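Throughout, numbering of the chain's residues begins at 1 and tracks the sequence. Given the structure is predicted, the values throughout are model-derived calculations rather than measurements.
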Amino acid sequence: MLIERVEGKWVADFVEVFGLCKVRRGEVAAILSESQSRAVLVELAELALVQMGAKVFHVRLPSPRLRAAAPLRSTGTSLAIEGLEPVIAALSASDFIVDCTVEGLLHAVERSALLARGARIMMISNEHPEILERLKPCPAVHEKCQLGAQMISDARTMRITSRAGTDLTVDLTQVPGRGSAGIADRPGSFGYWPAGLCICYPSNGSVNGTLVLDCGDVNLTFKRYLDTPVTLRIENDFVVAIEGDGLDAQLLRSYYSCWEGRDAYAISHVGWGMAPAARWDALVMYDKRDTNGTELRAFAGNFLISTGANPVAGRFTSCHFDYPMRHCTVSLDGQDVVREGVLQGVLA
C-alpha cells in the first residue's frame, strides 16, 4: 500500500494545476471536504493555494449516513452538502472551490447553485496523489477536448459499434457536447482531475441498441476488468436487460436490483477518452483504496458509457456505473472520431 503524506513534488503539482485554473493572488478559495475525505488531498490543496496567495477557507462536513442498502462507489454524486443553504451560500460566494469530497460534485444536485455566481470548481478525484502526479491536466489535450465537444454539439447522431457486437445509436438533436481535460479557468466552469473526456448527457429517450461489454472492458464502480462478456439491451435510454452467464453479469444484476425505480438503469452520459497519459492497464497496479479508477475513464480512444444520474434529463440517483470500453468505433453523422479504439483525425 502506498504511503499518504505531503510530498513537496505534489504541492508543486497542485500549484501547477491551480495555475491552469487561473487562481490569482487575493482570490477567495474554498476547500470543500467531509469527514471521510482523503486527508492528504485536503492538505495539499491548502498548501498550494496559500503558496499562491489565495485567501483560503475550509468547509468540512460530516460524511452523511448511508441511505442505500448497497455500498456506494464512484458515483460522482456527493451527498455531503445535503442542501444546506449556508454551505451553498458560502461556497458559491467564493472565486474558486476545490472539491475534495469522497464522491465529488460532478452529478450533485447542488452543482448548479454552486456555479451560479461564477465560482470555478475543481474536483479532485479520491485518488492517491501518485495517480494525480501522472495525470495532470494538459492545455493541448484540453483544447482537443473542447474541439471534440463542439463536434458532438454539431452532430445529429452518434453511433457506436464493435466486433464484440455493440451497435448503439444516440440521438444528439439539441444535445450539447462537453469536453474537458480538467481545467476550470472560466467563471462558472467545472474541472476535474484526472480528466480528458468528450461527453454528452443525452436527452430523454435518445439512446437505443445493444451494448456488449467484452473481456478487458472495465466496470469502474466495482473497480474490476470484465472476464466474461455482458450484454446490455437499451431501449429509449433505459437498460431493459442484462444478459450473460458469467460472474460479471451476475454481479451487475445483483447490484442494480438493490435500487427502486428505473433511474438506476438509465443512461447518464456517453463519449470517449482523450488523455494520452492515462492507461487502460493502470487498475492492476493499485489497491482499491488507492484509486477511484478515474484514469480509466479518460484513456485515449475508449468509448465511455455510464448509467445513473443525468441532470439534463432530470434524473438523479446514487447508483452510477462507468464502463470504459476498448476497441469500439464511435462515429458522428457517419464520420469516425474513434476507430476500433484509436482516436481519428484532428482528435488524434
Side-chain angles (χ1 to χ4, degrees), residues 1-25 27-61 63 73-74 76 78 80 94 96-106 120-142 180-185 191-196 220 223 275-299:
M1 183 180 295
L2 295 168
I3 302 300
E4 295 189 8
R5 65 180 296 273
V6 171
E7 302 276 1
K9 61 178 182 176
W10 293 335
V11 176
D13 289 336
F14 273 62
V15 168
E16 179 182 341
V17 171
F18 292 163
L20 293 174
C21 295
K22 297 186 178 178
V23 172
R24 301 183 302 276
R25 179 172 297 276
E27 276 198 314
V28 177
I31 301 173
L32 174 64
S33 65
E34 56 183 291
S35 52
Q36 285 294 313
S37 289
R38 197 178 293 264
V40 67
L41 301 180
V42 177
E43 191 168 0
L44 288 168
E46 178 190 303
L47 291 172
L49 290 169
V50 169
Q51 182 175 317
M52 298 175 77
K55 297 178 179 179
V56 183
F57 71 95
H58 288 265
V59 175
R60 183 176 182 269
L61 301 167
S63 293
R73 298 291 184 272
S74 301
S78 175
S94 307
F96 187 63
I97 302 168
V98 182
D99 173 18
C100 291
T101 58
V102 175
E103 293 296 339
L105 298 173
L106 185 61
R120 314 184 307 281
I121 297 179
M122 187 62 176
M123 181 178 127
I124 311 295
S125 186
N126 185 25
E127 317 265 357
H128 190 280
E130 180 189 272
I131 298 171
L132 302 176
E133 177 186 353
R134 291 192 297 105
L135 298 165
K136 289 180 291 185
C138 170
V141 176
H142 188 67
S180 175
I183 300 175
D185 58 352
Y192 37 92
W193 181 16
L220 281 184
K223 298 178 186 176
R279 296 189 59 88
W280 160 76
D281 56 10
L283 200 60
V284 300
M285 303 303 294
Y286 294 98
D287 294 333
K288 283 191 175 183
R289 79 168 307 277
D290 288 329
T291 180
N292 203 34
T294 307
E295 173 175 3
L296 277 78
R297 293 169 174 84
F299 73 85

Query raised in the report: For the salt bridge (Lys or Arg N to Asp or Glu O under 4.0 Å) test, which of K22, R120, K55 pairs with E27?
Result: R120

Query - Validation row: D13, L44 side chains within 4.5 angstrom (heavy atoms) - result: no

Report task. Report the C-alpha distance between C100 and L32 in whole Å, list the side-chain angles of each, state the deciding distance to 0.1 Å, and finish with yes or no for side-chain contact (heavy atoms from CB on, under 4.5 Å). Result -> CA-CA 6 Å; C100 291; L32 174 64; over 6 Å; no

Report task. Would you mind reporting whether F299 and P276 have side-chain heavy atoms less than 4.5 Å apart? Result -> no

Query raised in the report: Are the side chains of L132 and L41 in touch, meaning some heavy atoms are under 4.5 Å apart?
Result: yes

Query raised in the report: In Å and rounded to the nearest 0.5 Å, what is the OH to CD1 distance from Y192 to I183?
Result: 12.0 Å

Query raised in the report: Quick one: which of K223, R279, R134 gives a salt bridge (Lys or Arg N to Asp or Glu O under 4.0 Å) with E295?
Result: R134

Report summary line: Interatomic distance, NZ@K288 vs CG@L283, rounded to 0.5 Å, equals 8.0 Å

Requested in this report: Could you tell me whether the side chain of M122 reaches within less than 4.5 Å of the side chain of D99, counting heavy atoms only?
Outcome: no

Report task. For the pair F18 and W193, evaluate ring pair (Phe, Tyr, Trp, His ring centres under 6.0 Å) and give the outcome as yes or no after the intermediate values. Result -> CA-CA 11 Å; F18 292 163; W193 181 16; 7.2 Å; no

Query raised in the report: S35 side chain to S63 main-chain N or O, any donor-acceptor pair under 3.5 Å?
Result: yes

Query raised in the report: Has the side chain of S94 got a donor or acceptor atom that lies under 3.5 Å from a matching backbone atom of I97?
Result: no

Query raised in the report: In terms of side-chain heavy atoms, does T291 have a donor or acceptor partner in E127 at a distance below 3.5 Å?
Result: yes

Report summary line: Between A195 and S180, the two heavy atoms sitting closest are CB-O, 4.0 Å

Query raised in the report: Any luck finding a side-chain donor-acceptor pair between E4 and H128 under 3.5 Å?
Result: no

Report task. Determine the minimum heavy-atom distance between L20 and D185, stating which atoms define it. Result -> O-CB, 3.6 Å

Query raised in the report: CG of L106 to CE of M123: how many Å apart, nearest 0.5 Å?
Result: 5.5 Å

Query raised in the report: Can you find a pair of side-chain heavy atoms, one from L2 and one from Y286, that are under 4.5 Å apart?
Result: yes

**Report entry** Euclidean distance, I124 CD1 relative to S37 OG, rounded to 0.5 Å
**Finding:** 11.5 Å

Requested in this report: Check whether any side-chain heavy atom of V98 lies under 4.5 Å from a side-chain heavy atom of F14, and answer yes or no.
Outcome: no

Requested in this report: Have a look at N126 and tell me which of R73, R289, R38, E103 forms a side-chain hydrogen bond (donor to acceptor under 3.5 Å, both in side chains) with it.
Outcome: R38

Query - Shortest non-hydrogen contact from A184 toward I121 - result: CB-O, 3.4 Å

Query raised in the report: Is there side-chain contact between L220 and L296, with at least one heavy-atom pair below 4.5 Å?
Result: yes

Requested in this report: Heavy atoms only: give me the nearest A80-L61 pair and the separation to one decimal.
Outcome: O-CD1, 3.4 Å

Query raised in the report: So how far is it from I131 CD1 to D290 CG, rounded to the nearest 0.5 Å?
Result: 6.5 Å

Report task. With the side chain counted from C-beta on, respond yes when S33 and T101 share a heavy-atom pair under 4.5 Å apart, and no when they do not. Result -> no

Requested in this report: Identify the two heavy atoms, one from E34 and one from V102, that lie closest to each other, and give their separation to 0.1 Å.
Outcome: OE2-N, 3.0 Å

Requested in this report: Looking only at non-hydrogen atoms, find the nearest pair between W10 and E133 and report the distance.
Outcome: NE1-OE1, 2.9 Å

